[in-house]
Amino acid sequence: MLCARMRRDVGLVLLLLLSAAVKCNSMSPPGKPVLLGCRSPEKETFTCWWEPGSDGGLPTTHRLFYERERLEGTHECPDYRSEGRNSCFFDKNYTSIWVDYCLTVVASNALGNATSDPFKMEVMEIVKPNAPENVTLLVEDREDSPCLHVKWERPHKIDTKSGWVTIKYELRVKQENSDQWKEYMSGKQTHISLYSVSPGVVYEVQVRCRLDHGFWSEWSNSTCVKIPNYLQTERPFWLLVSTLFAIPFLAAICILVMKRKRVKQCVLPPVPGPKIRGVDVQLLKSGRSEDVLNALIINQDFPLMVTWKDQIEDYLIVTENDEELLPHPSNSQKRKKSLIIPAGFCLDSEIQCKESTASQSDTEKAGERKNEKDNFLKSNTSLSGESSSNTVPPLLPTQKQQCPSLNLVNTEATDQSPSDHQNAVKPFANSSYVDIQRHVKQVDYSKVKEVNGDNILLLKKENVPLNSSGYMDDQRQENISEDYSRVKEVDSDNMVFLQKQNVSVDISCRDKSNHYTDCPPQKPRNPRVTGPNTERTESGYVDTVPAPPLM
Amino acid sequence: MEKEKETAARKRGEMAHRKTSGSKLLMTVLYMVAACSAIPISDLLDRASQRSDTLHSLSATLTQELDSHFPPIGRMIMPRPSMCHTSSLQTPIDKEQALQVSESDLLSLARSLLQAWVDPLVVLSTSANTLPHPAQSNISNKIQELQQHSKNLGDGLDILSGKMGPAAQTISLLPYRGGNDIGQDKISKLTNFHFLLSCFRRDSHKIDSFLKVLRCRAAKMLPEMC
């Protein structure tokens with residue numbers, strides 16, 4: 001009894017051991033494979049992959065079976081090799097679109113089979129192209145900034161010509177050191193240009209594509225390019241050159257600004273204005289007209305007529321008889337100075353200035369006359385000065401001819417007796433003399449012919465020449481003498497003694513009866529104008545106030 | 001008298017002006033008609049294919065959105081797409097066949113398919129309002145968009161067919177027999193909805209492909225069109 005039980009237990013133990021041994025050898029039917037998925041790269045073919053289960057220790061085979069819409073029966077995969085292990089490749093002949101496929105994979109070994117779950121799929125849903133090929137990068141060196149041209153090719157075997165598929169591309173760029181990708185859509189083009197690239201940076205480019213509404217392909221392998229740096233180095237060079245040029249330019253401008261006056265003179269020279277010779281601009285500017293006038297006069301040869309009238313007004317000579325007057329040697333001597341020079345003194349246009357009859361003394365007289373004139377002139381405060389003296393001599397010769405027999409009241413003949421003298425020259429006291437105006441053509445004034453004792457001032461009228469030549473001989477003197485009262489003597493008490501004409505007048509007067517009214521009575525009289533009674537008026541005229549004769 | 005003359009002259013001038021303006025108007029209209037008819041077919045096809053592309057992308061996103069919340073188990077019990085109401089239409093199933101179909105036939109097929117979905121889209125639209133789905137509002141909006149695009153495309157294809165000959169004018173009728181009701185319970189509703197949408201997605205893809213092939217064929221001189 002005990003042995004049977006022991007045998008049974010031993011048998012069980014052995015059986016258990018055997019089964020364990022069998023299990024340790026892993027010989028079993030294969031595990032269930034799993035279909036991973038399928039993919040069509042161009043909508044013309046597709047491939048499916050599966051994953052096998054455990055093989056059970058025995059050589060296991062896998063077979064794919066499919067069923068298709070609109071196709072009867074179950075078919076096996078036509079190609080297990082093309083796409084590698086555990087794959088099934090369906091070529092064009094076996095690929096249909098818009099129809100469902102139902103796939104199953106069966107794993108089988110010596111011990112059994114295993115069937116995977118069915119996998120439904122449609123080609124339309126599994127389209128995923130390959131990545132684009134031959135991505136090339138080209139850097140273009142432009143003026144402003146560099147530019148990157150990216151080119152690629154369509155994945156092969158994709159038929160876009162017939163329009164069966166339409167492809168779209170996408171591109172992404174990243175700088176080498178950063179992680180940020182920048183994506184760009186390209187559409188149907190197989191090239192794109194990027195303008196936002198910086199020099200001196202390495203860029204990485206990837207491209208992918210898609211068919212219709214299928215899945216995006218994988219990104220292509222990275223293509224790298226470095227933008228060359230040489231563009232940057234040019235800039236500092238130009239900067240240096242421009243600064244080198246700028247410095248002298250600025251310096252030139254500074255100099256110009258500082259010396260702008262000189263520059264202005266050089267570039268815009270002043271236009272010369274008109275200049276009058278002899279006129280000093282500064283003098284004009286100073287505003288002193290007298291100096292200017294002086295300057296003008298010096299340069300020119302016309303005499304000033306300014307004080308002409310004054311002179312006329314200043315002096316008046318009244319003639320008197322010579323006999324009554326004391327001969328004064330000094331006077332006679334001074335006659336020179338004091339005499340009224342008739343020569344060159346024309347009372348009228350008709351009456352010429354007379355000269356001495358003595359031919360010999362004519363020239364002398366003329367000379368002396370001239371001297372006298374000079375003296376007169378010198379004592380004269382007029383401005384005529386030299387000019388008048390210059391003008392006088394030419395007058396003399398002519399006058400000489402015209403007035404041949406006129407006697408000259410000349411100071412020269414100091415020794416001449418009064419009778420010889422046709423001149424009514426009387427000795428003069430030292431006196432200030434009256435200047436005779438040479439150029440007197442006194443028409444305006446009535447000449448004093450005689451001062452009557454009765455305080456009648458006789459005005460002389462126009463003389464008419466008696467001689468054949470038309471001139472009075474003696475009258476000349478008389479005329480002259482009658483025009484002005486000759487100052488005979490000037491007293492210390494400011495008395496002016498005037499001289500009157502003498503005998504010679506008679507002769508002439510007779511003939512001139514027409515013109516002379518009071519000629520005869522003129523002579524005997526001896527009016528004397530004394531000082532106190534003589535007043536010099538402001539106008540310069542000596543008023544012949546009849547004074548009681550001093551006799 | 002003068003005034004009367006003036007008014008008469010003015011009236012005559014106005015009449016002349018109107019005549020000239022009327023003739024001008026006529027000329028303008030004629031010119032516009034001529035210009036309208038002068039749009040090349042390639043341009044029209046290009047526009048149509050763009051529309052169909054949009055249509056298909058819409059349907060694809062809609063299907064994805066629906067699937068995201070669909071329990072995977074439901075896919076097993078899904079009716080097969082061969083049961084779509086448009087499956088009776090004989091269409092090419094691979095590239096070679098498709099390239100051998102004539103342009104008129106391709107256009108006819110596209111138009112037939114589009115026409116077949118007018119009614120079902122209405123059904124989808126109404127049932128989308130009560131769809132027991134978390135993304136119901138989105139789905140509903142997209143269904144309405146689908147309807148709009150579909151109508152636009154249909155009009156465009158009608159114009160195109162007029163230019164492509166009598167063969168393009170024939171439309172195969174594919175009536176929808178599913179009725180207005182897509183199901184009572186939640187599962188059946190969702191299942192039917194999903195099924196209809198998947199059918200539409202396939203048909204929109206067909207239309208898109210056909211038109212793109214047509215476009216490429218019409219624009220032989222412009223390879224960049226394809």
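Letters go in sequence order (proteins before strands), and every chain restarts at 1.
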> How long is the span from the OG1 atom in A/T160 to the NZ atom in B/K212, to the nearest 0.5 Å?
Replying inline: 12.5 Å
>> Counting only heavy atoms from other residues, nucleotides and ligands, does the tally under 6.0 Å from CD of A/E218 exceed 12?
In response: no
> Does some side-chain heavy atom of B/C216 sit less than 4.5 Å from a side-chain heavy atom of A/W164?
Replying inline: no
> Rounded to the nearest 0.5 Å, how far does CD of A/E44 lie from CD of B/E96?
Replying inline: 8.0 Å
> Do the side chains of B/R215 and A/T166 get nearer than 4.5 Å, heavy atoms only?
Replying inline: yes
> Any chance CG of A/N221 has more than 12 other-residue heavy atoms, nucleotides or ligands included, within less than 6.0 Å?
Replying inline: no
>> Looking at B/D53, is its backbone amide N or carbonyl O close enough to the side chain of A/H213 to form a donor-acceptor pair, meaning the two atoms are under 3.5 Å apart?
In response: yes
>> Please evaluate residues A/E122 and B/K206 with respect to the criterion salt bridge (charged side-chain N to carboxylate O under 4.0 Å, His left out), reporting the C-alpha separation (whole Å), side-chain torsions for both, the decisive distance (0.1 Å), and the verdict.
In response: CA-CA 13 Å; A/E122 195 176 347; B/K206 276 184 189 175; over 6 Å; no
> After noting the C-alpha distance and the side-chain angles of B/R202 and A/V99, does the key distance pass the side-chain contact (heavy atoms from CB on, under 4.5 Å) rule?
Replying inline: CA-CA 9 Å; B/R202 182 189 279 187; A/V99 287; 5.5 Å; no
>> Counting only heavy atoms not in A/Y94 (residues, nucleotides, ligands), do more than 12 fall under 6.0 Å from its OH?
In response: no
>> Run the salt bridge (charged side-chain N to carboxylate O under 4.0 Å, His left out) test on B/D94 and A/K43 for me, step by step, so that the C-alpha distance in whole Å, both residues' side-chain angles and the decisive distance to 0.1 Å come before the verdict.
In response: CA-CA 9 Å; B/D94 64 7; A/K43 217 159 93 172; over 6 Å; no
> How far does CG of B/L99 sit from CG of A/D159, to the nearest 0.5 angstrom?
Replying inline: 7.0 Å
>> If you define the side chain from C-beta out and look only at heavy atoms, does anything of B/K95 sit under 4.5 Å from A/V165?
In response: no
>> So, taking the atom named OG in B/S57 and the one named CG in A/D212, what distance separates them when rounded to the nearest 0.5 Å?
In response: 11.0 Å
> For A/T95, is it the side chain, the backbone, both or neither that has a heavy atom under 4.5 Å from a heavy atom of chain B?
Replying inline: backbone
> Can you find a heavy atom in the side chain of A/E125 that is under 4.5 Å from one in the side chain of B/T63?
Replying inline: no
> Hey, is NZ on A/K174 packed in by over 12 heavy atoms from elsewhere, all under 6.0 Å?
Replying inline: yes
